[in-house]
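A quick note: this is a predicted structure, and the numbers were derived from the prediction, not measured.
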Amino acid sequence: MTADADLEWLFSRQRFGMHPGLTRVRALLACLGEPQRSFRVVLVGGTNGKGSTAASLASILGAHGRQVGLFTSPHLTRFAERFVVGGAPLPTEVVSRALRQVRPHAEAVEASFFEIVTALGCLLFAEAAVQDAVMEVGLGVGWTQRTLLSQP
């Protein structure tokens, strides 16, 4: 499968829309071996300024000698730029390989586009052995801070 075909499949998942709750993304992360447990995470949510805030936090952590992953959305020119490690976007080939690893599990749990992309970021960051990940999060319809904070 090519990188273009991988992305075509991923973007086709947008037709399923958003699904409030964490059940599918948790199931997907479990299938991938809980990659999010291998690094500390700073979640950046809100209406405006998420990208610049996340980039600033990642820069500060990096300046203190930490290996940092940065997950932002949307991308401007190519999908792989959503995943930055140590200040550099991951290569398209690395992202496509990881997406092929995620795909069968995503299909099994019927994950949405956003759930897949989030799990993909966690997998990529775990593989890159980041110490900290700064991740933009969309709160979407039906999501609240209480929902995010009340989940273990």
Side-chain angles (χ1 to χ4, degrees), residues 6-7 9-64 66-90 92 94-96 98-99 101-103 105-152:
D6 295 332
L7 290 178
W9 169 80
L10 175 61
F11 280 94
S12 77
R13 304 299 294 183
Q14 288 180 322
R15 73 178 182 269
F16 298 112
M18 292 176 47
H19 304 285
L22 300 173
T23 303
R24 283 170 308 283
V25 74
R26 283 185 171 173
L28 181 53
L29 289 165
C31 290
L32 297 171
E34 304 287 351
Q36 78 283 7
R37 296 192 185 276
S38 68
F39 49 84
R40 296 184 318 172
V41 179
V42 177
L43 298 176
V44 179
T47 305
N48 295 312
K50 292 184 298 291
S52 57
T53 300
S56 294
L57 288 170
S59 179
I60 291 166
L61 289 166
H64 285 276
R66 308 286 296 176
Q67 175 73 335
V68 181
L70 173 62
F71 170 74
T72 57
S73 180
H75 60 280
L76 297 176
T77 58
R78 63 182 188 91
F79 179 75
E81 72 190 40
R82 293 174 184 236
F83 312 101
V84 174
V85 173
L90 292 174
T92 298
V94 170
V95 174
S96 290
L99 183 55
Q101 183 180 344
V102 170
R103 181 177 177 170
H105 304 294
E107 289 175 337
V109 302
E110 299 180 352
S112 71
F113 173 86
F114 295 105
E115 293 163 336
I116 295 165
V117 174
T118 300
L120 177 62
C122 291
L123 179 62
L124 289 164
F125 294 157
E127 289 177 348
V130 303
Q131 295 169 293
D132 305 298
V134 180
M135 301 181 75
E136 274 189 40
V137 295
L139 300 181
V141 176
W143 286 56
T144 65
Q145 289 180 347
R146 182 171 175 244
T147 301
L148 292 173
L149 297 174
S150 67
Q151 302 297 326

| query | What side chain to side chain donor-acceptor pair (under 3.5 Å) pairs are there with at least one residue in residues 122-137, not counting sequence neighbours? | reply | R40-D132, R66-D132, R97-E127
| message | For the CD atom of E115 and the OG1 atom of T23, what is their distance to the nearest 0.5 Å? | response |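 It is 9.0 Å, given to the nearest 0.5 Å.
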| message | Could you measure the distance from the CD atom of E81 to the OG atom of S73? Nearest 0.5 Å is fine. | response | 10.0 Å
Work out which heavy atom in [X] is nearest to a heavy atom in [Y]; give both atom names and the distance.
X    : Y    : result
T118 : M135 : O-CE, 4.1 Å
A27  : V109 : CB-CG1, 3.8 Å
H105 : L28  : CB-CD1, 3.5 Å
A126 : F39  : N-CE2, 3.8 Å
R82  : V117 : NH1-CG1, 4.2 Å
A129 : Q67  : O-CG, 3.7 Å

| message | I'd like to know if the side chain of S59 and the backbone of A55 have a donor-acceptor N/O pair within less than 3.5 Å. | response |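 No, S59 side chain to A55 backbone: no donor-acceptor pair under 3.5 Å.
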| So, the side chain of T53 versus the backbone of K50: is there a donor-acceptor pair under 3.5 Å, distance only? |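 No, T53 side chain to K50 backbone: no donor-acceptor pair under 3.5 Å.
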Do [X] and [Y] have side chains that approach each other closer than 4.5 Å (heavy atoms only, starting at C-beta)?
X    : Y    : answer
V68  : V130 : no
L99  : I116 : yes
C122 : L29  : yes

| request: Not counting sequence neighbours, which residues clear salt bridge (Lys or Arg N to Asp or Glu O under 4.0 Å) with E34? List them please. | output: R37
| message | Holding to ring-ring contact (aromatic ring centres under 6.0 Å, His included), I want the full list of residues that pass it with F83, two or more places apart in sequence or in another chain. | response |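 So F83 forms a ring-ring contact (aromatic ring centres under 6.0 Å, His included) with F71, F79.
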